[in-house]
Protein chains: 2
Amino acid sequence: MPCAISTGTAPSPSDDMMTATMLDSADVDLAPEESRSEPLRGSASLHDGLLAALRDYIVEGNLADGARVPERLLCEKFGISRTPLREALKVLAAEGLIDLLPNRGARVRSLSSEDLRELFDVMGGLEALAGRLACERISDEEVAQIEQVHHDMYRFYIRRDMHGYFQCNQAIHRMIVEAAGNATLSATYANFAGRIRRVRYSANLDKERDRWGEAMREHEAILDALRRRAGSELSDIMFQHLRNKRKAAQHIGEAQALEGDASR
Amino acid sequence: MPCAISTGTAPSPSDDMMTATMLDSADVDLAPEESRSEPLRGSASLHDGLLAALRDYIVEGNLADGARVPERLLCEKFGISRTPLREALKVLAAEGLIDLLPNRGARVRSLSSEDLRELFDVMGGLEALAGRLACERISDEEVAQIEQVHHDMYRFYIRRDMHGYFQCNQAIHRMIVEAAGNATLSATYANFAGRIRRVRYSANLDKERDRWGEAMREHEAILDALRRRAGSELSDIMFQHLRNKRKAAQHIGEAQALEGDASR
DNA sequence: CGCGATCTTTTTGCATTCATTCTGTGGATT
DNA sequence: AATCCACAGAATGAATGCAAAAAGATCGCG
């Protein structure tokens, strides 16, 4: 019943990826230092501003997994009263970023491995759709642009530059989604991407050298299908690509889980 | 001073005196008949109850397309104050059911033909995914159940029973989505289905005899692929099936638009 | 008679207040 | 000593209050 929302929600500045920045949670660090001097940056209609700010705040990992969302503190941090904050929380709950327990507040939603499995598959489905639609309408110029980024990505791959590789990778996927020319799809995609972004599977990708090479080959296939405008084929490839990504992520996730158990 | 709020003390402002004065403005036909005696049916946590109730209220078409969502009247109808109602509105806006214009309230989101195109394609993508996933895990029993409904549907088709046919059709699609075994997908699917449900394209399907027969054949193909657990193939079929549905809907939509123009 | 400015009424957005529920601590009982 | 209960403090959920914006009405003017 927690209806998975999908669109209408602002994509939010997805860009900088998930790696690095994640200071390890726990201490919530609601710094008085950065007291959000600006009246909630930009955006239309204040509420949207707050919503986006809060979403980023959570997606960027400022709150630990499963941690309670401190209503009071956030009010102070953003300089607003509880009413608009709670409205934003309801929306984030509907988006699936947090859980809202009756009478005991909001907690950052922690994704079980089952949740991850589901999310990856849905992402796969959305990307498969994006690929199919993109083949119907993408221009040669757009394909060329994607090829460009693909080559950049290849260079990063050769140099074993994880960060650069990852940026390009994200960019390519985003470009394909955009090329689909379907705003509803883009919004839905952004939502799920945000949900999954909290998970730090990527940082360890370089431990999975095999997977990395495999991923490169898959991207070659993606480009090839895109060039030929082979929608149905690309659809399959995209889904499989995400499936493989999922497997790698699960693998890493399990390893981390073991690690965690060991250190405990 | 029609508004009871102005009094400083305002002891339980229940009722009727104020309703009288607002009749003129209304026109919205918030039926006095069904005055929502129940304390918001079922569900946990009141808020969810209200949310579901409001969603149904809108999805079922009680408010005209593009109509303003009358905050005060709804508050009375559901017997709650504005705070929880507004929270629900934010969520519905995030779901894409209504638009929230800054400082000028909520309106029922009217779907442009472009929106419909996008929605149908996304639904197609989700159903394609559902079919693919279903093939991975569906049991023979589940396939048999779907076959059962399929045969029922066929009978309705032969008898030209639109209503029964439509019911079975919906049921089959829902069963496939469920068979995918992905709760996230189910929730997302339900969300989009709700959005699209406001459009009543189906009623005129019987005018499109060709499409009806074609749809039956497509369903045969769906079943066939499902039996063979041919995921990738089923994925294609599902997407195409929705594409064709979209075309039929657009066709009808245009016809209705013309009709509307003519009568004007 | 039409058009626009100004004033009133209504609506919206947010803050504040109030009632209820939860949480955590201390004490009494077994 | 451990368990259970009671109570104080804090939080959550919802209602009310208030300032500002929009919609509507009234009136003056061309």
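Below, chains carry the letters A, B, ... as their sequence lines are ordered, and counting in each starts from 1.
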*Can you check whether A:Arg104 has a side-chain N or O nearer than 4.0 Å to OP1 or OP2 of C:dT20?*
no

Qualifying residues under side-chain contact (heavy atoms from CB on, under 4.5 Å), relative to [X], sequence neighbours excluded:
X	value
B:Ser81	B:Thr83, B:Pro84
A:Ala88	A:Leu50, A:Leu51, A:Leu54
B:Asn169	B:Met153, B:Tyr165, B:His173, B:His219
A:Glu71	A:Arg82, A:Leu85, A:Arg86, A:Leu89

Applied to residues 97-107 of chain B, the salt bridge (Lys or Arg N to Asp or Glu O under 4.0 Å) test, sequence neighbours excluded, yields none

Round to the nearest Å and state the distance from [X] atom [atom1] to [N] atom [atom2].
X	N	atom1	atom2	value
A:Asp48	C:dG13	CG	P	11 Å
B:Leu101	C:dT12	CG	P	11 Å
B:Leu73	C:dT12	CG	C1'	15 Å
B:Leu74	C:dT11	CG	C1'	14 Å
A:Leu85	D:dG13	CG	P	11 Å
B:Leu50	D:dG13	CG	P	14 Å
B:Arg72	D:dA15	CZ	P	16 Å
A:Leu89	D:dA11	CG	P	15 Å

_Is it the case that over 12 heavy atoms from other parts of the model lie below 6.0 angstrom from the CZ atom of A:Arg72?_
no

- Touch check for B:Leu100, heavy atoms < 4.0 angstrom, all strands: base, sugar-phosphate only, or nothing? nothing

Taking N or O atoms only and anything under 3.5 Å, show me the protein contacts with nucleotides 14-18 of chain C, one pair per line.
{"residue": "C:dA15", "atom": "OP2", "partner": "A:Ser81", "partner atom": "N", "Å": "2.7"}
{"residue": "C:dA15", "atom": "OP2", "partner": "A:Ser81", "partner atom": "OG", "Å": "2.4"}
{"residue": "C:dA15", "atom": "O5'", "partner": "A:Ser81", "partner atom": "OG", "Å": "3.4"}
{"residue": "C:dA15", "atom": "N7", "partner": "A:Thr83", "partner atom": "OG1", "Å": "2.9"}
{"residue": "C:dT16", "atom": "O4", "partner": "A:Thr83", "partner atom": "OG1", "Å": "3.1"}

